[in-house]
Structures are given as structure tokens and as C-alpha cells.
There are 2 protein chains.
Amino acid sequence: MSGRRALTRNQALVLEVLTRADEPLSAYAILDRLRDEGLRAPLQVYRALDKLLETGEVHRLDSLKAFVACSHPHDHPCTGLVAFAICESCARVFEFSDSAIEARFAAWAVEKAFLTKSTTLEISGICAACRSSADGSNPSD
Amino acid sequence: MSGRRALTRNQALVLEVLTRADEPLSAYAILDRLRDEGLRAPLQVYRALDKLLETGEVHRLDSLKAFVACSHPHDHPCTGLVAFAICESCARVFEFSDSAIEARFAAWAVEKAFLTKSTTLEISGICAACRSSADGSNPSD
DNA sequence: GCAATTAATGTAATAACATTACATCACTTT
DNA sequence: AAAGTGATGTAATGTTATTACATTAATTGC
Ligand SMILES: [Zn+2]
Ligand SMILES: [Zn+2]
Ligand SMILES: [Zn+2]
Ligand SMILES: [Zn+2]
């Protein structure tokens, strides 16, 4: 394996909570779910998140101030530009990449001589499942 | 004029501060700059920002938790998809639109039957001016 | 094995960002 | 003038994130 590295206990706990969750969680929501495991302070969560963000195992959704586990197989890092579509109704997040979008951003950057370090691409709206269930209720419930 | 509507005093003050600033400002930074004008509470700023965001006269940069005045002529609303390139060195923000990117996102949404309500597109990196000044110092200072 | 170093953890306190609740004031409509 | 509406002022609180410092665990060099 390439990007895989041993997780510390706290990192493993945080990643597990995020992986189980079917919606983005705030750091404090993560903390609440880990009280039983002995976690008591926000910093324990934020430290774990920092590492997981570095390795790409977790993503932060700036528009929600919340975190999600990467939806990719993740024995390898998340490469290239990543975008997220966030359903306002069921809170599910759809992670995707699009090389055409990536190329277009790259072209803009070249044209403007802008050195890109990181990108935040988030779309908010209503997912297909929620649209087809007329009442907007969560189709998975 | 079309989208133009009278601003209240607080809205005008907040917009003026943001227009003058050459970098994004947090709500509390705006408040600090308006103490002399009599503003005392965060809510006074947030209320003004809410309106200005609605009309598109101001944008929120989620990745910075900060606000910028729209860089467009703004006797008309900011239409279509808007993206921001943010320089990590000089903090300047470059607002731009790209119909190709917009089309690509629209295509993704159609394919996935996702109903787009809003988008957050932010690029963080180093602007041309800061790249050409080797030390990374602010070229305008 | 054991001291020195480094990485991870625990805890408390605080900073930074944002909202809720409620009372008041100004303007319009009737 | 009374009622209704929108903006304002103020206080309190809620939410998100970081700083500071003491402790413990794992690693390295001897
Ligand atoms: Zn990912
Ligand atoms: Zn949905
Ligand atoms: Zn704009
Ligand atoms: Zn710059």
C-alpha cells in the first residue's frame, strides 16, 4: 500500500464515526459521538481531523463547517480536483471529480499566472432521490 | 437601474467598509471599523451583511469565513456562477465567471438529476503579482 | 536497559464566528 | 390615532476553532 499509514487511536475513532455517518458532521458532533470512547475535548477531534485532512481521508465542507469521510477507496490519496454536491434535504454528500472542470480551472490559472494551492468546489441543492419524493422527506428513511 | 434599492444606514456603512478594503474582512473586523460610526454589536453587521448577500452586492468566502464587496459594477445583480481566486500572500481576491465551468457543472447536475441552488467555488493560491515578487511580500505595499 | 528525543494525548482556557430573544423606534397604511 | 411593517439596539447565548501547558507513549542512541 502507498498512502496508507497507521492511524492513532483518536484518528481511527474519528474516521470511523465519519465513515459510519451518512451526513457531514461538525467537529463537535463527532466529539459527542465519541464521549463513550473517552474523548472529552474539541482539540482531540480537531487534531485527528488535521491529520485525516492532510492525508485526504477526510474532507472539510467549508459551506457547512462540517467534515465527511472521503468516499474513494482510499488506500491511495484523493488526487486532483474534487467537488461536492450537498443535498439540502437529506444532507447526503456526493463527491465527484470532473477533468473538464479541472482543466478549465487550470486554464484560468495559467492565463492569470495564478499558482493554485487548493480548491473548494461545493454545490448545494436537492439530490435526485429527494426530488423524486415529492414531499422532500429523506428517501432512505 | 434594476437591482438597485436604497440601502439603510448600516447596510451602506458595511458596504462602504468592504468596498474600501483591499482584502476580505470578517464580520467582526467590519464591526471594529465601524465602532466610530456607532455600531456596537455583531448583529448589526450580520443583519446588514444578510441583505447585501441577498442582493449580491457582497459575497461570503466560506474558505476564509470572510466577506468581500462584489467587484462587478453592481447596478445589476451578480448573475450566473461566480468563482473566487484568493491570494494567500496578499489576500487579494479575484472574482471571475467562466461559462465553460458553469456549463460543466450544469451538465453534471443534469446527468445526476441534481437541482442546484447555490455554488461555492474558491481557489486558494498565489497571485501573479506575488509570484513575480520573489520574497512573496505584498507587491502593492 | 536507560537517558534523550520526538510524537501523541489530555485538559483547561480562550478566541473567533454566528444566532436567538426581546424591547424599541421609524415609517406606512388605514 | 391605531395597526402593521421593517429596521435598529442590546444582551445573552450558541457554535466553531485555537492557544497554552502539562503529561504520557513511542522511538532512537547508547
Ligand atoms: Zn475524497
Ligand atoms: Zn437528498
Ligand atoms: Zn459578484
Ligand atoms: Zn498576491
Side-chain angles (χ1 to χ4, degrees), chain A residues 4-18 21 23-55 57-68 86 88 91 93 118 120 122 124, chain B residues 3-18 21 23-55 57-68 84 86 88 91 93 118 120 122 124:
Chain A
R4 183 59 91 195
R5 124 212 140 288
L7 296 175
T8 67
R9 170 176 157 82
N10 287 356
Q11 288 161 20
L13 287 170
V14 167
L15 181 56
E16 190 188 8
V17 163
L18 284 177
E23 59 180 1
L25 297 178
S26 74
Y28 281 75
I30 294 168
L31 177 58
D32 283 342
R33 297 186 184 202
L34 289 173
R35 301 262 181 212
D36 293 345
E37 304 292 340
L39 270 69
R40 318 193 141 272
L43 188 52
Q44 295 175 290
V45 172
Y46 280 110
R47 279 200 280 232
L49 285 171
D50 282 345
K51 275 291 176 200
L52 295 167
L53 289 168
E54 262 179 36
T55 62
E57 283 154 301
V58 162
H59 301 291
R60 179 176 200 276
L61 299 177
D62 289 333
S63 62
L64 297 181
K65 298 168 208 166
F67 303 84
V68 287
I86 304 162
E88 293 173 359
V93 174
S118 68
T120 298
E122 296 169 26
S124 189
Chain B
R4 181 61 88 194
R5 130 211 133 288
L7 297 176
T8 67
R9 170 175 156 83
N10 287 357
Q11 289 162 19
L13 286 170
V14 167
L15 182 55
E16 189 188 10
V17 162
L18 283 177
E23 60 181 0
L25 297 179
S26 74
Y28 281 74
I30 295 168
L31 178 56
D32 283 342
R33 297 186 184 202
L34 290 173
R35 300 264 180 211
D36 293 345
E37 303 292 339
L39 270 71
R40 319 192 141 272
L43 188 52
Q44 296 176 290
V45 172
Y46 280 111
R47 279 200 281 230
L49 285 171
D50 283 345
K51 276 291 177 201
L52 296 168
L53 288 168
E54 261 180 35
T55 62
E57 283 154 300
V58 162
H59 301 291
R60 180 177 199 275
L61 300 176
D62 289 333
S63 62
L64 298 182
K65 298 168 208 165
F67 304 84
V68 287
F84 302 89
I86 303 162
E88 293 172 359
V93 174
S118 68
T120 298
E122 297 170 25
S124 189

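Computed over heavy atoms, backbone and side chain alike; hydrogens, waters and symmetry mates excluded. Note on naming: letters A, B, ... go to the chains in the order of the sequence lines (proteins, then strands), and numbering restarts at 1 for each one.
- Residue A/Ala41 places its side chain closer to C/dT11 than to any other of C/dT11, C/dT9, D/dG9.
- To the nearest 0.5 Å, atoms NZ (A/Lys51) and OG1 (A/Thr55) are separated by 9.0 Å.
- Under the side chain to side chain contact (heavy atoms under 4.5 Å, CB included) test applied with A/Val14, the options A/Leu31, A/Ile30, A/Thr8 reduce to a single match, A/Ile30.
- The OG1 atom of A/Thr120 lies 11.5 Å from the NE2 atom of A/His59; values are rounded to the nearest 0.5 Å.
- Considering B/Val68, B/Asp50, B/Leu52 as possible partners of B/Val58, the one that fulfils the side chain to side chain contact (heavy atoms under 4.5 Å, CB included) test is B/Leu52.
- Applying the side-chain hydrogen bond (donor to acceptor under 3.5 Å, both in side chains) rule to A/Asn10 yields no partners; only residues at least two apart in sequence or on another chain are considered.
- Taking the side chain to side chain contact (heavy atoms under 4.5 Å, CB included) definition, one finds that B/Ala21 meets it with B/Leu25, B/Arg33, sequence neighbours left out.
- Across the protein-nucleic acid pair, A/Arg9 atom CZ and D/dT24 atom C1' stand 15 Å apart, rounded to whole Å.
- Applying the side chain to side chain contact (heavy atoms under 4.5 Å, CB included) rule to A/Arg47 yields the partners A/Leu43; only residues at least two apart in sequence or on another chain are considered.
- At the phosphate of D/dT8, neither OP1 nor OP2 sits under 4.0 Å from any side-chain N or O atom of B/Gln44.
- Considering only residues two or more places apart in sequence or on other chains, A/Ala27 meets the side chain to side chain contact (heavy atoms under 4.5 Å, CB included) condition with A/Val45, A/Tyr46, A/Leu49, A/Phe67.
- In this model, the phosphate group of C/dA7 is not approached by any side-chain N or O of A/Thr8 to a distance below 4.0 Å at OP1 or OP2.
- In this structure, A/Asp62 places its CG atom 16 Å from C1' of C/dA16, rounding to the nearest Å.
- The distance between atom CD of A/Gln11 and atom P of C/dG10, rounded to the nearest whole Å, is 12 Å.
- For the contact set between residues 33-40 of chain B and DNA chain D, defined by any heavy atom under 4.0 Å, the members are B/Arg40.
- For the pair B/Leu53 CG and C/dT19 P, the interatomic distance rounds to 10 Å; values are reported in whole Å.
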(request) At under 4.0 Å between heavy atoms, which parts of nucleotides 15-21 of chain D does protein reach? Answer with one letter per nucleotide, 5' to 3': B base, S sugar-phosphate only, - none. (result) -BBBBB-

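- Straight-line distance from the CG atom of A/Asn10 to the P atom of C/dT11: 11 Å, rounded to whole Å.
- Expressed to the nearest 0.5 Å, how far CD of A/Glu23 lies from CG of A/Leu64 amounts to 10.0 Å.
- For the pair A/Leu31 CG and C/dT9 C1', the interatomic distance rounds to 14 Å; values are reported in whole Å.
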